[in-house]
2 protein chains.
Amino acid sequence: MKEKETTLKVIAEKLNISITTVSKALKNYSDVSPTTREKVLELARELHYTPNSFAVNLRTKESKTIGLIIPEVVHHFFSSVINGIIAEAEKNEYLVIILQSNESLELEKKQVQLLINKRVDGIIMSLSNESNDDDHIREIIHRNIPFVMFDKISKMIPCSKVIIDDQKAASAAVEHLITVGCKKIAHIRGPVNPQNAIDRFLGYKKALEKNNISFDKNLVFTCVRVSFEEGYEFAKQICKNHPDVDGIFVITDLVAVGVLAYLNENNIKVPEQIAVIGFSNWFMSQVIKPKLSTVDQPSYEMGVSAFNLLLKEIRAVKEDKPKVIENLILDTQLIIRESSKK
Amino acid sequence: MKEKETTLKVIAEKLNISITTVSKALKNYSDVSPTTREKVLELARELHYTPNSFAVNLRTKESKTIGLIIPEVVHHFFSSVINGIIAEAEKNEYLVIILQSNESLELEKKQVQLLINKRVDGIIMSLSNESNDDDHIREIIHRNIPFVMFDKISKMIPCSKVIIDDQKAASAAVEHLITVGCKKIAHIRGPVNPQNAIDRFLGYKKALEKNNISFDKNLVFTCVRVSFEEGYEFAKQICKNHPDVDGIFVITDLVAVGVLAYLNENNIKVPEQIAVIGFSNWFMSQVIKPKLSTVDQPSYEMGVSAFNLLLKEIRAVKEDKPKVIENLILDTQLIIRESSKK
DNA sequence: TTTGAAAACGAAAACGTTTTCGAAAGTGCC
DNA sequence: GGCACTTTCGAAAACGTTTTCGTTTTCAAA
C-alpha cells in the first residue's frame, strides 16, 4: 500500500495540465489563470505536496543550509553561540549542520572537507586550539565559499570575523585588580596557539606595564586542556611557590572556578588574600562562593552577528558581487562581583 | 575567471569517454578496465572532483543527514547528548542538523515540518515541555520517517526510544535520603507535562510509601522554568513553611544548586539540617559547596544509542523491512556526595 | 470578420548523478 | 572462419524541479 509521493507530475496528471503550469501556480507566477491556480493550490494542499528539496537544491544550486564547526559543544560559551546562530538562521529559513572538532586539527580538516562536499551555502567556524593558518581554511576561501570566523580566529585568513577585543578586555580586567590594590598578579593563560589566549596574555602584560608593575614570566601559567582541574592545580602551585601573589587573572571562568575551589579548600580568603577574576561570564560564576568577577562576552549576539555576516556573503556571492570582508568587534563588559572586591 | 565546476561530464570529455564509464570508474564497478580506471582516478584527483551531493541526493533519495530537535542547547545534559549524537553520526558518515524548540510547542511543530520538507533521513527528538502526544509527531510516524525519541518522550507514540528508568532512579535517590535518616522529605518537581518529571515524582511517592512515610502534597513544589531561581525560591518557601523538612529531592541539579545557594546563605547546614539530592550529575555539582549528591544520567551514551537506533531504522526502511521498535533503558547511578551524608 | 495584443499554457532543456541494458570489441577454442 | 564467451563500454532513462521561450487561446477594437 505504498503511497506515491506527491510530485508536480502527479498533480499535473490529475488536473490534466502541464508540470510547468503546476510549478508556476505554486510559485505565484503571473501567467497562470486564477482558476487553474486555485485548482492547483487546492489539490496540492489536499495531497500534502511539499517540494522535493533534493531536486530544488540541484536546480537552484543552493541548499539553504550552512555548516558550523566548533571545538566543543558542551561548553557554556559555545553552546550560547550555537543558540544565537541557529535562532537567527531559522529566522532566515536556513538550517545549521553542526560539527565538533574536539580541538583536533585532523578532525577539523576532515569536517571542512565534509561540509565542502555537502555543498553547504556557507561555513561558520571557530578554530580548534591546534589549528591556525592552514590549508583546509584556505581551501574554503579559494573555493569562494561564504565563510565567517568567530572567537578563535586566525588573523592571517582574509574573511569576515566576529570577535571581541580580547586584549582590551583582559587589560581592563587586570587594571581592575590593580585598582583594588593587587601588587603581584599572576595569569593563568590559555594554550599557545589560539589568538584569543595570546591577546588576553598581551592585555595582561600591557596592564602591568602601564601601571609600572614588572612583568614576571614565572607568574604565567599555561593551560593545555583549559579545565577545572588545571585551575585547581595552578592555584596550588601559585600558593606554594609564590606566596606573595595577591591577584589572579584567569583565561576563563571554568578554570577560575578551579582556582576558587583550591583557595576555598585551603582557607585562603578571596578576595582579601587573593583576588580572582575570570573571563566569559559563565552562568555558574554568579552561583559559586564567592561570586566570581569576570568579563562578559556577548556569546548569543556573537552567534547572531556571525550568521548575519555569513548571510551577507551568501547573497553577495549569489549575485556575483565582490566579497566584502567585515570585522565585527563586539563590546565586552567588566562584571565585578565578590571575588575581586577588596 | 570563473572556474568551471568539475563534474563527471568534464572528466568524460577530457578523456573522450562516456559519463557512464567515469561514474563507474569512480565507484569501482567491475566492468571498467584497469587502464581507464586509472586515468579517471588520476584526472579526478587532479581536478579536485567531488560528487555533487545535490545530484546524488536526488538520485539516491537520501541525504545522509539527520535532524535533531531538542528543547535547549545551552544545557549540560542536552549538549552532552548532542555531543554523542554528532560523534556517532560522523563515524557513520551522517551529518546532523540541530534545531532548538525553546520549550515551545509551536516552534517544535514548525521545526518538524522543516525537517520533513528537508527530507532528512531520520529524526531524533526530545520533546518540549509543552508537547506530548501531538499531530506533528504522528505525521513523522505516518510518513514512515525513521524516528527516535530520547529523554523527554511520549509514551503514546509508537517509536524507538532511549530513556532511563526515571521512576526507579528517583526512588533510589529518595530511599537514600531515608536511609541517612530523613523523616520528612520535600520534592521539587519538574513541569506537569514531561513524562520524566511525572516519573520522578512517582518514584518519590513510591519510595515514601514503601518506607511508611505518609505522602504530603504540600511538600511537592512544581517548577515551571526549571531554573536556579526557582530552586532558590522553593527552598525559601520550604524553610519558612515547613521547618521540619529534613531532606529535599530535586528534579535536576541546576535547581538543586539554587536550593543549596539559599540554604548556604541562610546558614542552614547541609546535610546536617537538610539533606539535598539532585538529578543528572551536572558537571557543576561536584564543584560547589557542599558537593551535591545526584543521579548520574549517561547523557553521551544516550546520544550514541539514539543515533544507532535511528541508523537501524534507516536501514530497515531502506530495505523495506518492517520497522522494529526498540526501547532502550540505560542505567543510572546514584552518586553520593557531601550534600546527603549525615 | 479580421487584427493585434494580452493572457494562459506547455515543450523542452538543464541541474549532475546512478543504473539498466544492450552493443561492441576482444579472447580462446574448435 | 565460426562460435561462444568475457570484457569493456555507452546510450538513455530516471530522480523532480525551475525557467526560458515559443505556441495557442481569448477577446476587444477596428
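Every chain is numbered from 1, with letters handed out A, B, ... down the list of sequences.
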Partners of B:Thr65 by side-chain hydrogen bond (donor to acceptor under 3.5 Å, both in side chains), sequence neighbours excluded?
-> A:Lys118
Listed nucleotide nearest any side-chain atom of A:Pro34, set D:dT17, C:dT19, C:dA8 | C:dA8
Which nucleotide in C:dG16, D:dT19, C:dT19 has an atom nearest any side-chain atom of A:Lys61 = C:dG16
What integer distance in Å separates [X]:[atom1] from [N]:[atom2]?
X	N	atom1	atom2	value
B:Leu58	C:dT19	CG	P	13 Å
B:Asn117	D:dG16	CG	C1'	15 Å
B:Leu26	C:dG16	CG	P	16 Å
A:Glu13	D:dG16	CD	P	12 Å
A:Glu5	D:dG16	CD	P	7 Å
A:Leu8	C:dC9	CG	P	16 Å
A:Tyr29	C:dC9	OH	C1'	14 Å
A:Asn52	D:dA14	CG	P	17 Å

How would you label the contact of A:Thr7 with the nucleic acid (heavy atoms, under 4.0 Å): base, sugar-phosphate, or nothing?
-> sugar-phosphate
Verify the distance criterion only: is there a donor paired with an acceptor across the side chains of B:Glu72 and B:Asn102 at less than 3.5 Å?
-> no
Heavy-atom count around A:Lys312 NZ within 6.0 Å, excluding the residue itself: above 12?
-> no
Hey, are B:Lys109 and B:Glu106 close enough for a salt bridge, meaning a charged N less than 4.0 Å from a carboxylate O?
-> no
Any ion pair linking B:Arg143 and B:Glu139 (charged N to carboxylate O, less than 4.0 Å)?
-> yes
Could you tell me how the ring of B:Phe150 sits relative to the ring of B:Phe78: parallel (under 30°), tilted (30 to 60°) or perpendicular (over 60°)?
-> perpendicular
Examine D:dT17: is either OP1 or OP2 under 4.0 Å from a nitrogen or oxygen in the side chain of A:Tyr49? Give yes or no.
-> yes
Starting from the C-alpha separation in whole Å, work towards a yes-or-no answer on side-chain contact (heavy atoms from CB on, under 4.5 Å) for A:Ile97 and A:Leu68.
-> CA-CA 6 Å; A:Ile97 289 174; A:Leu68 170 62; over 6 Å; no
Could you go over nucleotides 9-13 of chain D and give all protein N or O partners under 3.5 Å, atom names and distances?
| from | atom 1 | to | atom 2 | distance (Å) |
| --- | --- | --- | --- | --- |
| D:dC9 | OP2 | B:Ser33 | N | 2.9 |
| D:dC9 | OP2 | B:Thr36 | OG1 | 3.0 |
| D:dC9 | N4 | B:Asp31 | OD2 | 2.9 |
| D:dG10 | OP2 | B:Ser18 | N | 3.0 |
| D:dG10 | OP2 | B:Ser18 | OG | 3.2 |
| D:dG10 | OP2 | B:Thr21 | OG1 | 2.8 |
| D:dG10 | O6 | B:Lys24 | NZ | 2.4 |
| D:dA11 | N7 | B:Thr20 | OG1 | 3.3 |
| D:dA11 | N6 | B:Thr20 | OG1 | 3.1 |
| D:dA12 | N6 | B:Thr20 | OG1 | 3.2 |

